[in-house]
Amino acid sequence: MEIRAPRGMPDILPAETPRWQTVEATLREVARRHGYGEIRTPVAEHTEVFQRGVGAATDIVEKEMYTFTDRGGRSLTLRAEGTAPVMRAFLEHNLGAQGLPARVYYVCPIFRYDRPQAGRYRQHTQFGAEVIGSPDPAADAEVLGLAVRAVEALGLAHPDVHLSSVGDATCRPRYLEALRAYYRPRLGDVCDDCRRRFETAPLRLLDCKRAPDREIARGAPRILDYLCGACGAHLAGVRAHLDAMGIRYTIDPMIVRGLDYYTRTAWEALSGRLGAQNAVFGGGRYDRLAEQLGGPPTPGVGFGMGLERLLLVLQQEGVAGAGASSPELFIATAGTEPSRALALADRLRRDGLSVTVDVMARGLRAQMKQADRLGAAFVLLLGEDELRRGVAVLREMATGQQEDVALARLGEAVASRVRAR
Ligand SMILES: [Zn+2]
Ligand SMILES: [Zn+2]
């Protein structure tokens, strides 16, 4: 029997985790500087959170959720999207009580039963941030600015931000009517998915990936021509704030977010060289989400950023990440009691050094080979003769230089040499 990880759910191995840790630490630091606190919601929610929050007629809810019945007969779903659980938690814990808005961020796995492809997985990791409780364009500009500065902080260029508005309950119905009028005579030419979207989620007709459908979408009426006064003024406000902050964007009316709850501002950002560009984050305003979840009207705006995709772009762009973690010191024993090495390692670790000892009862030559394989910076040789003299031999692996160091002040001696490298 061959046991493997589920398809599309990759292991992230110790050789790769340093890059992840660097990226996550940078994102957390950027969020901290913006005054956002971390929120951790459970990995599963009651299925209604996504059905009501994301919309029953969406691809996510129709085809991509990991839904199961627990032993109590309740329907639970693995986190299929980042925002609905955050809003559920905001409502459940009354996070607005300390004064609005609530500013939160998360780094967590998202589960979608999607066809796995490069940079897309059935379990992927998302960084996202939300501002809940403000209808003001300043909130949109702040959180979009956070996403842009986060990408820059990782060492990438200012991403290519595409910005639009999807209107609100006042103006969108009129636009959808115009959109349906345009598509009605063309329904014979579009794919089955588009025919279904025509009935259930017409905005998403503009989002079809099939080439002939994209051509038809390009000729469709543009929502920006249908915005009501309030939505037009909101978009103008967001643009003015972004201009003031030096955040660059392109107005692109083809940007429609895949989820039902979006209102007004919507954006997508691409990163990487032209021709090899990847979507690195997307987001927008969701003023109706709280009501769809059964809460009071509560405006919100935020984004989600896929970390696998981001790491792919960082690699393509040659942005160096941290290397694998190698021990600073490997303690090798030559005929010495293993407990001497273990006790010494324990002491040095408390001094802050990263120390590895042999736990395979290997001979000295094999231990030296292992130290080399691990990339240890120094090896400390504990030999019986040296121990009797109260010293050990410290060898710098890169240069081969060796010297005797007194056991009594070993911590200091090793630490100062590790720091001097
Ligand atoms: Zn289509
Ligand atoms: Zn409007």
Side-chain angles (χ1 to χ4, degrees), residues 55-64 112 114-115 117 120 134-141 144 162-242 251-268 279 282-292 297-301:
T58 57
D59 281 355
I60 296 179
V61 172
E62 279 179 355
K63 321 183 217 177
E64 298 174 357
R112 300 261 184 95
D114 209 350
R115 185 171 321 199
Q117 46 181 292
R120 283 180 78 163
S134 171
D136 196 273
D140 307 54
L144 173 52
H162 293 245
L163 183 72
S164 187
S165 172
V166 293
D168 64 359
T170 306
C171 53
R172 203 184 322 179
R174 206 160 59 85
Y175 170 68
L176 294 184
E177 219 170 276
L179 193 61
R180 282 204 173 97
Y182 169 80
Y183 270 97
R184 199 164 284 115
R186 294 173 172 82
L187 283 180
D189 305 325
V190 296
C191 71
D192 287 347
D193 279 342
C194 279
R195 271 190 289 277
R196 211 177 48 240
R197 290 176 186 129
F198 177 85
E199 299 298 338
T200 57
L203 212 51
R204 234 160 287 121
L205 285 163
L206 303 176
D207 221 11
C208 187
K209 298 288 174 274
R210 191 173 159 255
D213 296 26
R214 292 195 68 82
E215 201 48 51
I216 291 171
R218 264 190 279 276
R222 300 289 167 91
I223 187 153
L224 295 180
D225 299 327
Y226 288 78
L227 293 184
C228 66
C231 287
H234 194 274
L235 180 59
V238 174
R239 296 184 61 172
H241 296 321
L242 293 175
I251 293 293
D252 180 353
M254 297 300 276
I255 296 300
V256 290
R257 302 293 300 154
L259 311 181
D260 269 359
Y261 55 62
Y262 281 101
T263 49
R264 294 193 171 160
T265 322
W267 65 75
E268 259 171 41
R285 179 163 279 286
Y286 45 85
D287 291 348
R288 289 165 55 210
L289 172 59
E291 287 159 89
Q292 280 176 245
T298 312
V301 59

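For ligands, and for the atoms within them, numbers begin at 1 and follow the listed sequence. Just so we're clear, the structure is a prediction, and the values are computed from it rather than from any experiment.
The SG atom of Cys231, the Zn ion (ligand 2) and the SG atom of Cys228 define an angle of 110° (nearest 10 degrees). For the pair SG of Cys191 and SG of Cys194, the angle at the Zn ion (ligand 1) is about 110°; rounding is to 10 degrees.
Taking both residues in full, the closest heavy atoms of Ser164 and Asp252 are given as CB-O, 3.2 Å, listed atom of the first, atom of the second, then distance. The shortest non-hydrogen separation linking Leu179 to Ala220 is CD1-CB, 3.9 Å.
Remark: Asp287 does not engage Arg264 in a salt bridge, criterion side-chain N to carboxylate O under 4.0 Å. Under a 4.0 Å N-O distance rule, the pair Glu177/Arg180 does not qualify as a salt bridge.
The N, O or S atom of Asp213 with the smallest distance to the Zn ion (ligand 1) is OD2. Counting just the N/O/S atoms of Asp168, the one with the shortest distance to the Zn ion (ligand 2) is named OD1.
Under 2.8 Å from the Zn ion (ligand 1) lies no N/O/S atom of Asp193, from backbone or side chain alike.
Within a 6.0 Å sphere centred on CZ of Arg218, other residues, nucleotides and ligands contribute more than 12 heavy atoms.
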